[in-house]
Amino acid sequence: MNKFNLSSLIRDNILNLDPYISARTEHHKEKNSIFLDANENSFGSPLSFLNSYNRYPDPLQKELKEKISDLKNVSPSQVFLGNGSDEIIDLIYRIFSRPKIDHSIIFPPTYGMYEVSGNIHEVDVIKIFLTEENYQLDLKKIEKIVNTHSKIIFICSPNNPTGNDINREDIENIIKKFTGIVVLDEAYIDFSNQKSLSKEIDKYPNLIILQTLSKSWGLAGLRIGIAIASEAIIQWMNKVKHPYNINLISQKIAIKALENKDLFFFHLKNILSEREYMQESLKKISIIKKVYPSSANFLLAKINFSSKNLYQYLMKKKIVVRDRSKIILCKNCLRITIGTHEENEYLINQIQEYSTKK
Ligand SMILES: *Cc1c(COP(=O)(O)O)cnc(C)c1O
């Protein structure tokens, strides 16, 4: 087991922080009280049907966290909610890394925000590329590079933009050996056959799992990201976050949406069968060199020539996909999100048409 010591990892200014205590931290649930503590407008808002929105939301989102903790089978005290996963990534940098001294480690090609957020915080981001043949972790290289200034390792599984699962043993190996924080981004886990590592959260005090309501739950517009970690880590996140980081409308709608699991599973099933359909159809088109296996709700497809031309052709046909050809190890690759059957069919037809013109 590693010598993990949480408080030794916390930045000094955070360790000594007196957090802001919001007016509503303790009393927001006491419905019968007269609230004259938060300088709200007691008369209401100018939109009468939005009357209850004159009050600040629950800063700790207790009701929504109960729902999410039931769903994920963890304790509510092991759940943190952010204004999208991006807020949580930002908080992790704030809490665990000192600008110009510490560094994070990422495994490109991967999600862009790990690097952007590091740059914003002036924290060095060390890149160790995934292996070229199957987009897996290069454990030997990682071991060589890790030192006492390595504070955060970001692993994305299923990985964006490659779509594959990262080997489970490799992930657990890193968590066990590394004395810093491992962030495992499971934004696409519901589309994968792999099980979430959230069940092991009690075993790994240095693990932060990221999930989100933006993808499988279809709630990207609400901006709700989820962190699952030890209660100790969650408490540090609660201290550092902005007091009312999840707005009231998002909390209310998410609570309602999470009650409708039937529709969630129905959509999930459709996305998985459409993924199969897209995979098979794309493979048959002559200009497509390779469709990578996917455990997510998108496919990475390599084109036989410059993918930029196909990208622009599709744009003219009013189809927007993501050109990833400039990304390392993704030469001439497009990332295509799985759409509805009609959308997918239209896309396939357009690529076929382009292919025959070539
Ligand atoms: C889409 C995505 C997220 C989700 O971000 P939100 O801010 O929660 O919408 C997180 N990680 C990865 C790898 C993603 O692709």
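Along the sequence shown, residues are numbered consecutively beginning with 1. FYI, side chains are in, hydrogens and waters are out, and symmetry mates aren't considered; it's all heavy atoms of this structure.
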Which residues pass the side chain to side chain donor-acceptor pair (under 3.5 Å) test with Asn5, sequence neighbours left out?
Ser7
With a 4.5 Å cut-off on side-chain heavy atoms, are Pro161 and Cys330 touching?
yes
Check: Lys317/Tyr354 side-chain N/O donor and acceptor closer than 3.5 Å:
no
Under a 4.5 Å cut-off applied to non-hydrogen side-chain atoms, are Tyr93 and Ile120 in contact?
no
Determine whether the side chains of Asn270 and His341 contain a donor N or O and an acceptor N or O closer than 3.5 Å.
no
Taking all heavy atoms of Ser196 and all of Gln211, pick out the closest pair and write down the distance.
OG-NE2, 3.3 Å
Do the non-hydrogen side-chain atoms of Asp185 and Tyr114 ever get within less than 4.5 Å of each other?
yes
For the pair Tyr292 and Asn164, evaluate side chain to side chain contact (heavy atoms under 4.5 Å, CB included) and give the outcome as yes or no after the intermediate values.
CA-CA 8 Å; Tyr292 290 85; Asn164 62 295; over 6 Å; no
Looking at Gln251 and Leu64, what are the two nearest heavy atoms and their distance?
CA-CD2, 4.1 Å
Checking Arg223 against Asn247: is there a side-chain donor and acceptor pair closer than 3.5 Å?
no
List the steps, then state whether ring pair (Phe, Tyr, Trp, His ring centres under 6.0 Å) holds for Tyr188 with Tyr111.
CA-CA 12 Å; Tyr188 299 98; Tyr111 186 48; 8.4 Å; no
Please identify each residue that fulfils side chain to side chain donor-acceptor pair (under 3.5 Å) with Asp165, with sequence neighbours left out.
Ser192, Ser295
Between His267 and Leu263, is there a side-chain heavy-atom distance shorter than 4.5 Å?
yes
Among side-chain atoms of Thr131 and Asp138, is any donor-acceptor pair under 3.5 angstrom?
no
So, for Phe178 and Asn206, which heavy atoms are closest and what is the spacing to 0.1 Å?
O-ND2, 3.0 Å
Mind running salt bridge (Lys or Arg N to Asp or Glu O under 4.0 Å) on Lys252 and Glu63 for me, showing each step along the way?
CA-CA 9 Å; Lys252 282 191 174 179; Glu63 198 180 344; over 6 Å; no
Test side chain to side chain contact (heavy atoms under 4.5 Å, CB included) applied to Asn245 and Glu87, step by step
CA-CA 9 Å; Asn245 60 326; Glu87 184 196 6; 3.1 Å; yes
